[in-house]
Visitor: 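One structure, pasted below without further comment.
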Amino acid sequence: MRSLLTSKAVRRALRPVAELVDQRVERQVRRVVGNTGGAVPSDVARELKTLRNRQRPLELFFDGTGRGASRLPSAPHLDRTIAELAEVTGKPEAAEGTVAQAFRLLVAMEALGVGRIAGGTMNIVGKLAAVPLLDPPNDDLLEIGTLYGMFGASLIRMMEKAGRDPG
C-alpha cells in the first residue's frame with residue numbers, strides 16, 4: 001500500500017484533492033484568526049513571552065547544552081516508563097512518584113557530579129525507580145561498571161528514600 005501512495009502517478013492524481021483539503025484548512029484557520037482581529041491579543045502575547053522567558057532557564061538545566069544529550073523526557077516516554085514500572089512492580093500507585101524522584105535525582109547527580117550517568121534518561125530513571133519498588137529481599141546491592149560510581153550512589157539514595165538501608 002505504501003508503494004502505491006508514493007508513486008508519481010498516484011501523487012499527481014491526488015494533488016487536486018490535497019490542494020482542496022489545504023484550502024479548506026487554510027480557510028478554517030483564517031476564520032479563527034479573523035475572530036481575533038488577525039492579531040494575538042496583548043494578554044496572550046504577554047503570557048506567551050512570560051512562559052518563554054521562564055522556559056529558557058529550564059532548557060539550559062535539562063537540555064543538551066554543555067552535556068551532549070538532552071535529559072528532557074517527552075510525555076509519551078514518561079507515561080510509558082510509568083506504565084511499565086507499574087506493570088513490572090505491581091505497585092501502580094507508587095510508580096509515578098518514584099519515577100519523579102528518580103528523574104530529579106538523575107538531574108541533581110549530574111549537576112553535582114563529575115559527568116553524565118551513562119544511558120538514556122528513561123532507561124536510567126526506570127532502573128533507579130524499579131529497584132526500590134521491587135522490594136529486594138535484603139539491602140545488599142552490587143553495581144558493576146558504574147561511571148565514576150554515580151549510578152551506584154544514585155541507587156543507594158533511592159533505596160534510602162524508600163526506607164531501606166543499602167549496604
Side-chain angles (χ1 to χ4, degrees), residues 1-2 5-6 25 28-29 32-33 35-36 39-167:
M1 181 71 178
R2 181 169 171 78
L5 292 176
T6 57
V25 168
Q28 186 71 11
V29 169
V32 170
V33 171
N35 290 341
T36 63
V40 178
S42 62
D43 57 336
V44 173
R46 196 172 28 255
E47 186 174 351
L48 179 61
K49 184 177 179 182
T50 301
L51 288 173
R52 283 184 178 157
N53 290 338
R54 196 179 306 159
Q55 182 178 350
R56 186 61 186 140
L58 291 174
E59 288 173 351
L60 287 174
F61 195 61
F62 295 118
D63 74 2
T65 305
R67 76 169 78 214
S70 175
R71 285 292 187 210
L72 281 171
S74 66
H77 288 128
L78 279 170
D79 293 341
R80 185 169 140 209
T81 301
I82 292 166
E84 287 176 358
L85 191 61
E87 182 181 336
V88 167
T89 63
K91 299 178 181 174
E93 67 284 346
E96 187 170 0
T98 307
V99 166
Q101 285 179 348
F103 177 69
R104 289 192 302 263
L105 181 62
L106 168 62
V107 171
M109 291 296 286
E110 287 188 344
L112 297 173
V114 288
R116 289 178 49 82
I117 294 178
T121 303
M122 291 295 92
N123 184 20
I124 298 166
V125 167
K127 289 188 288 185
L128 286 174
V131 173
L133 290 179
L134 287 172
D135 199 26
N138 60 41
D139 291 334
D140 294 334
L141 299 173
L142 174 63
E143 173 61 31
I144 299 171
T146 64
L147 180 64
Y148 307 115
M150 289 177 58
F151 183 82
S154 301
L155 188 56
I156 288 172
R157 181 69 184 125
M158 285 300 292
M159 292 294 286
E160 288 171 347
K161 283 182 177 186
R164 306 296 293 259
D165 184 25

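All residue numbers in this chain count up from 1 along the given sequence. Because the structure is a prediction, the values reported are computed rather than measured.
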Visitor: So does I117 get a backbone contact from the side chain of E110, meaning a donor-acceptor N/O pair under 3.5 Å?
Guide: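 Judged by distance alone, yes, a pair lies under 3.5 Å.
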
Visitor: Any idea which heavy atoms bring L85 and A129 closest together, and the distance?
Guide: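 Shortest heavy-atom contact: CD2-CB, 3.5 Å.
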
Visitor: Output every pair passing ring pair (Phe, Tyr, Trp, His ring centres under 6.0 Å) with a member in residues 116-141, not counting sequence neighbours, ordered by first then second residue.
Guide: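 Those involving residues 116-141 do not exist here.
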
Visitor: Does the side chain of T98 come within less than 4.5 Å of M158's, by heavy atoms?
Guide: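 They are in side-chain contact.
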
Visitor: Can you find a pair of side-chain heavy atoms, one from F151 and one from L128, that are under 4.5 Å apart?
Guide: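 Yes; the side chains approach each other to less than 4.5 Å.
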
Visitor: Any side-chain heavy atom of T121 sitting closer than 4.5 Å to one from L72?
Guide: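 No, every pair of side-chain atoms sits at 4.5 Å or beyond.
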
Visitor: Is the shortest heavy-atom distance from the side chain of D135 to the side chain of K91 under 4.5 Å?
Guide: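 D135 reaches K91 side chain to side chain.
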
Visitor: For a quick test of reading the model, state the closest non-hydrogen atom pair linking P137 to R164 and the distance between them.
Guide: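 In this case the closest contact between P137 and R164 is C-NH2, 4.3 Å.
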
Visitor: Is it the case that over 12 heavy atoms from other parts of the model lie below 6.0 angstrom from the CD atom of E160?
Guide: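 Correct, the count exceeds 12.
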
Visitor: Once rounded to the nearest 0.5 Å, what's the spacing between atom CG of D140 and atom CG of D165?
Guide: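 The CG atom of D165 is 10.0 Å from CG of D140, to the nearest 0.5 Å.
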
Visitor: Rounded at 0.5 Å granularity, tell me how far OG in S74 sits from CZ in R80.
Guide: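 If I round to the nearest 0.5 Å, the distance is 9.5 Å.
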
Visitor: Should R71 and L106 count as side-chain neighbours, where that means a heavy-atom distance under 4.5 Å?
Guide: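 Sidechains of L106 and R71: in contact.
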
Visitor: Do the non-hydrogen side-chain atoms of L105 and Q101 ever get within less than 4.5 Å of each other?
Guide: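 They are not in contact (no side-chain heavy atoms under 4.5 Å apart), so the answer is no.
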
Visitor: So, taking the atom named CG in N123 and the one named NE2 in H77, what distance separates them when rounded to the nearest 0.5 Å?
Guide: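 Interatomic distance, N123 CG to H77 NE2, rounded to 0.5 Å: 12.0 Å.
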
Visitor: Between R54 and L51, is any pair of side-chain heavy atoms under 4.5 Å apart?
Guide: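 In contact.
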
Visitor: Do you know which two heavy atoms are closest between M159 and P136, and how far apart they sit?
Guide: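 Residues M159 and P136, closest heavy atoms: CE-CG, 3.8 Å.
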
